[in-house]
Amino acid sequence: MKVKSRRHIAVLGSTGSIGRNCLDVAARFPDRFQVVGLTAGRNVRLLADQAAAFRPRLLAVQGPEEARELERLLGSNRQAEIAWGEEGLIRVAAMAEAETVVSAVVGATGLKPTWTAVLAGKRVALANKETLVMAGELVMNEARASGAEILPVDSEHSAIFQVLAGQDPAHVKRLILTASGGPFLDLPAASLAAITPDQALAHPKWRMGSKISVDSATLMNKGLEAIEARWLFGLSWDKIHIHVHPQSIVHSMVEFVDGSVLAQLGRPDMRVPIAYALSYPERLPLGLPGLDLPRAEPLTFAEPDEERFPCLALALTAGRRGGTGPAALSAANEVAVASFLAGELAFPDIAAVVAEVLAANGAEPLAGLEQAVAADSAARLKAGEIIERIKGDRGQC
């Protein structure tokens with residue numbers, strides 16, 4: 001029996017939720033995966049622990065101060081080179097020995113390093129939503145030209161990817177993305193203004209990073225995923241639908257022209273879609289608890305309420321308009337969520353900030369990557385101005 005060689009992987013954002021789960025999968029299969037590069041922002045201590053466990057050749061952190069701290073923590077046992085900043089992220093993404101790049105950086109910071117991996121024709125296990133939200137058409141066109149594989153890590157997109165395997169795209173009637181609805185699905189609209197950051201971070205089914213947890217609470221996350229699906233699967237907007245499914249067992253569905261609906265089901269555990277993206281087309285025996293349907297809670301589905309959760313409507317509108325609009329949407333949301341988590345904005349203000357930025361910035365046809373980056377920068381500035389005005393109106397310092 002032929003022994004398979006190990007696949008070399010680089011993980012962008014290794015200290016976040018996706019990154020940690022990715023390394024958990026890699027640790028379970030040391031004969032299948034070798035970690036050659038890791039990046040983090042400011043969580044230098046955890047990165048140092050990961051470096052000691054996996055012994056990568058290149059590490060990258062946010063800035064020179066974090067690089068010096070990482071060097072101190074690694075001490076005389078350090079074998080990896082240390083880089084920092086955007087250049088460091090790009091260097092890890094471009095590593096010649098990294099056959100697979102896991103893009104798990106949160107926010108627009110992930111765009112350029114992911115683009116670098118695509119240009120190099122690598123397999124990209126994509127968890128960074130902003131890459132396809134900001135520049136989906138450009139990225140997918142470049143992937144076709146370079147031969148890069150873009151495999152989804154989000155559970156919803158992984159579900160659709162699995163269901164579509166071997167299917168004729170012409171037979172697809174619609175994709176149905178499922179949304180948990182977040183922690184405030186049944187909360188009266190009048191109570192949304194009093195929501196605290198701690199409440200928004202308490203997702204009932206998934207354990208995620210702070211930004212994506214808030215996006216799940218506002219349903220912005222599902223709007224961003226709809227934009228991703230548009231480009232990942234090359235389908236028109238009229239074929240992309242969203243159902244609220246609080247149990248998070250059905251990860252997404254595809255309806256075909258003959259009326260058949262195929263779904264991918266499983267317990268809510270991100271290691272499953274991560275492992276599939278890393279090992280595709282194989283499946284790995286993860287040893288995780290299976291889905292026990294007779295003992296599962298009843299599965300329910302509903303249409304999303306875009307009036308109570310306007311972030312979803314804003315994202316879908318921006319996605320349909322296209323151009324630089326989705327980049328502006330993503331940037332404004334990122335700034336507004338950070339301000340909410342800092343206690344500067346009320347929960348409903350997130351949507352208000354995003355709506356005002358989109359109204360002010362418009363949407364131009366997207367011709368190149370730098371144009372998406374410029375739209376992101378302009379939206380951040382505008383969002384900051386709006387937030388300062390809101391704080392001033394409320395007498396905040």
Side-chain angles (χ1 to χ4, degrees), residues 4 6-41 43-61 80 88-89 91-95 97-107 109-110 113-114 116-118 122-132 148-159 161-162 206-213 228 251 266-288:
K4 293 180 178 293
R6 289 196 292 176
R7 178 172 287 273
H8 297 136
I9 65 175
V11 183
L12 311 181
S14 66
T15 59
S17 175
I18 296 295
R20 294 194 305 272
N21 277 309
C22 178
L23 293 181
D24 179 273
V25 171
R28 290 167 183 259
F29 300 93
D31 59 326
R32 300 292 300 271
F33 304 113
Q34 180 177 347
V35 178
V36 297
L38 296 173
T39 83
N43 196 346
V44 178
R45 186 166 296 278
L46 178 54
L47 181 61
D49 292 341
Q50 293 173 343
F54 292 95
R55 307 182 76 79
R57 300 168 191 172
L58 180 60
L59 302 168
V61 288
L89 275 169
R91 282 188 59 192
V92 175
M95 293 178 72
E97 57 266 57
E99 300 150 321
T100 297
V101 173
V102 180
S103 178
V105 177
V106 176
T109 303
T114 307
T116 298
V118 170
K122 298 179 183 293
R123 170 176 287 189
V124 177
L126 186 64
N128 174 263
K129 292 177 171 56
E130 288 74 14
T131 294
L132 294 186
E149 290 182 289
I150 299 181
L151 301 184
V153 165
D154 277 344
S155 61
E156 295 83 358
H157 300 101
S158 178
F161 179 73
Q162 293 178 58
W206 298 93
R207 295 295 172 260
M208 307 175 290
S210 58
K211 197 266 183 182
I212 191 173
S213 294
E228 281 187 277
H251 296 303
R267 290 167 59 93
D269 191 318
M270 284 305 301
R271 288 172 292 185
V272 175
I274 289 169
Y276 192 64
L278 293 179
S279 64
Y280 176 80
E282 297 180 77
R283 292 181 184 270
L284 300 176
L286 292 172
L288 302 176

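In this chain, numbering begins with 1 at the start of the sequence shown. Atom set for the values below is all heavy atoms of this structure, side chains included, hydrogens, waters and symmetry mates excluded.
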### Task
Name all residues meeting the side chain to side chain contact (heavy atoms under 4.5 Å, CB included) criterion together with Asn43; count only those two or more places apart in sequence or in a different chain, and write none if there are none.
Thr15, Leu46

### Task
Check side chain to side chain donor-acceptor pair (under 3.5 Å) between Gln50 and all other residues, then give those that pass, not counting sequence neighbours.
Ser14

### Task
Examine distances only and state if a side-chain atom of Arg28 and a backbone atom of Leu286 form a donor-acceptor pair shorter than 3.5 Å.
yes

### Query
In chain order, what residues pass the side chain to side chain contact (heavy atoms under 4.5 Å, CB included) check against Asp49, with sequence neighbours excluded?
none

### Summary
Those residues at least two apart in sequence (or on a different chain) that pass salt bridge (charged side-chain N to carboxylate O under 4.0 Å, His left out) with Glu228 are none

### Message
Under a 3.5 Å distance rule, please check whether His251 uses its side chain to pair with a backbone N or O of Gly266 as donor and acceptor.
### Response
yes

### Query
Checking side-chain contact (heavy atoms from CB on, under 4.5 Å) for the pair Lys129/Ile212: CA distance, chi angles, key distance, verdict?
CA-CA 10 Å; Lys129 292 177 171 56; Ile212 191 173; 3.6 Å; yes

### Query
Which residues pass the side chain to side chain donor-acceptor pair (under 3.5 Å) test with Thr116, sequence neighbours left out?
none

### Query
Are Asp269 and Arg267 ion-paired here, with the side-chain N under 4.0 Å from a carboxylate O?
no

### Message
I'd like to check Gln162 versus Ser158 (side-chain heavy atoms, cut-off strictly below 4.5 Å). Are they in contact?
### Response
yes

### Query
Residues in ring pair (Phe, Tyr, Trp, His ring centres under 6.0 Å) with Tyr276, at least two apart?
Tyr280

## Note on the structure
With sequence neighbours left out, the residues meeting side chain to side chain donor-acceptor pair (under 3.5 Å) with Arg20 are none

### Task
List in chain and number order the residues that pass side chain to side chain contact (heavy atoms under 4.5 Å, CB included) with Ala48, two or more places apart in sequence or in another chain; answer none if no residue qualifies.
Leu70, Leu73, Leu74

#### Entry: Any residue meeting side chain to side chain donor-acceptor pair (under 3.5 Å) with Arg55, in chain and number order, not counting sequence neighbours
Gln79

### Partner set under ring pair (Phe, Tyr, Trp, His ring centres under 6.0 Å) for Phe54, not counting sequence neighbours
none

### Summary
With sequence neighbours left out, the residues meeting salt bridge (charged side-chain N to carboxylate O under 4.0 Å, His left out) with Arg45 are none

Compile the donor-acceptor pairs under 3.5 Å between side chains in residues 97-107 and protein atoms, sequence neighbours left out, one pair per line.
from   : atom 1 : to     : atom 2 : distance (Å)
Glu97  : OE2    : Arg57  : NH1    : 3.2
Glu99  : OE1    : His8   : N      : 2.7
Thr100 : OG1    : Arg7   : NH1    : 3.0
Ser103 : OG     : Thr114 : OG1    : 2.7

